[in-house]
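Reviewing the structure listed below.
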Amino acid sequence: MHLISESAAISPLCDLETSSRGSTLTIGEHSMIDAFVKVKFAGGTGDIQLGQYVNVNSGTVIYSGNGVQIGDNVLIAANCTFAPVNHAYEDRNRLIREQGFLRSKGGITIEDDVWIGANCVILDGTYIRKGAVIGANSLVRGTLKAYSIYAGNPIQLKGARL
């Protein structure tokens, strides 16, 4: 089910799948979803919730997995991937595609006033606190401090917003 605010701007060229497991996509007021954004309900039964004034740019993919919660006033640059799920792979006597998924690490939570640069990958168990900035091409996991600037793979603290 989709719960999309009437004031949200949704490109007709994006692909917002509908969950077959009852998960919900919520898009808040004045949010913008650009062309070629893909929302895919796969890997779990989590909901995807985008707050108010969230901008999601072209080429971004958001999987539902164990859930994605994005606060208000969040900017997501082009070609980011939100992957709140992990494939099981340890049993070498079974094909990976037959092993399903690992237990949740908590999904993805992003608080208000966050900027995520282009080509970032946000993994299961990530918690990005209010006001953080993530540099382009970063691999993000774990908890990031409020009003801090991060970048890299592995992600590293680079500074703070003043």
Side-chain angles (χ1 to χ4, degrees), residues 2-16 23-44 46-87 102-162:
H2 296 166
L3 303 171
I4 300 174
S5 170
E6 290 183 21
S7 65
I10 310 296
S11 170
L13 297 177
C14 71
D15 184 1
L16 308 179
S23 297
T24 301
L25 169 64
T26 303
I27 301 175
E29 295 179 7
H30 308 289
S31 290
M32 185 279 300
I33 309 297
D34 206 353
F36 311 114
V37 169
K38 172 76 169 181
V39 172
K40 183 162 188 66
F41 288 93
D47 294 328
I48 299 171
Q49 298 180 341
L50 281 63
Q52 300 178 32
Y53 296 95
V54 173
N55 288 349
V56 182
N57 281 288
S58 293
T60 293
V61 178
I62 304 173
Y63 295 96
S64 62
N66 298 303
V68 176
Q69 310 285 324
I70 298 176
D72 299 333
N73 302 296
V74 173
L75 301 178
I76 301 168
N79 302 313
C80 292
T81 300
F82 292 75
V85 65
N86 294 289
H87 284 277
L102 296 174
R103 186 175 351 165
S104 173
K105 293 182 179 178
I108 295 170
T109 301
I110 300 170
E111 292 184 349
D112 300 341
D113 190 31
V114 169
W115 174 26
I116 299 173
N119 302 308
C120 288
V121 176
I122 316 296
L123 298 175
D124 190 29
T126 294
Y127 195 108
I128 301 174
R129 302 239 183 240
K130 184 176 184 176
V133 174
I134 314 300
N137 294 310
S138 295
L139 177 63
V140 185
R141 62 180 174 184
T143 299
L144 306 186
K145 296 177 183 177
Y147 298 102
S148 295
I149 302 166
Y150 291 86
N153 180 3
I155 197 155
Q156 297 175 1
L157 179 63
K158 299 294 185 178
R161 288 177 61 188
L162 304 176

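Everything quoted here is computed from the prediction, not taken from an experiment.
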**Asked** What's the shortest heavy-atom distance between Ser138 and Ile155, and which atoms?
**Response** CB-CD1, 4.1 Å
**Request:** Measure the shortest side-chain to side-chain distance between Leu123 and Leu139 over non-hydrogen atoms and say whether it is less than 4.5 angstrom.
**Result:** yes
**Request:** Answer yes or no: is there a donor N or O on one side and an acceptor on the other, between the side chain of Ser64 and the main chain of Gly43, under 3.5 Å?
**Result:** no
**Request:** Please examine the side chains of Val56 and Ile70, heavy atoms only from C-beta on, and report whether any two atoms are closer than 4.5 Å.
**Result:** no
**Within 6.0 Å of NE2 in His87, more than 12 heavy atoms from elsewhere** = no
**Message:** By the definition side chain to side chain contact (heavy atoms under 4.5 Å, CB included), identify the one residue from Met32, Glu29, His30 that meets it with Tyr53.
**Reply:** His30
**Main-chain N/O of Ala118 paired with Asn79 side-chain donor or acceptor, under 3.5 Å** = no
**Ser5-Ser7 side chain donor-acceptor pair, cut-off 3.5 Å** = yes
**Request:** Mark yes when over 12 heavy atoms from residues, nucleotides or ligands other than Lys145 sit less than 6.0 Å from its NZ; otherwise mark no.
**Result:** no
**Request:** Could you tell me which non-hydrogen atom of Ala8 sits nearest to which non-hydrogen atom of Gly28, and how far apart they are?
**Result:** CB-O, 3.9 Å
**Message:** Would you say that Ile122 contacts Val68 through its side chain, given a criterion of any heavy-atom pair below 4.5 Å between the two side chains?
**Reply:** no
**Prompt:** Are side-chain heavy atoms of Val39 and His2 found at a separation under 4.5 Å?
**Reply:** no
**Request:** Mind checking ring-ring contact (aromatic ring centres under 6.0 Å, His included) for Tyr150 and listing every partner two or more places apart, or none if nothing turns up?
**Result:** none
**Donor-acceptor contact present, side-chain Glu111 to main-chain Lys130, <3.5 Å** = yes
**Item:** Side-chain heavy atoms of Leu144 within contact of Ile134, under 4.5 Å
**Value:** yes
**Prompt:** Considering all heavy atoms of both residues, which atom of Pro84 and which atom of Gly67 are nearest to each other, and what is their separation?
**Reply:** CB-O, 3.6 Å
**Message:** Taking Lys38 first and then Asp15, would you say they form a salt bridge - that is, a charged N and a carboxylate O separated by under 4.0 Å?
**Reply:** yes
**Asked** Of all heavy-atom pairs between Ile27 and Ser31, which one has the smallest distance, and what is that distance?
**Response** CG2-CB, 3.7 Å
**Item:** Closest approach of Val37 to Asn57 (non-hydrogen atoms, all atoms of both residues)
**Value:** CG2-O, 3.4 Å
**Message:** Within the 4.5 Å heavy-atom criterion, are Ser104 and Asp124 side-chain neighbours or not?
**Reply:** yes
**Beyond-backbone contact of Arg129 with Tyr147, side-chain heavy atoms, under 4.5 angstrom** = no
**Prompt:** With a 4.5 Å limit on heavy-atom distance, are the side chains of Ile48 and Phe82 in contact?
**Reply:** no
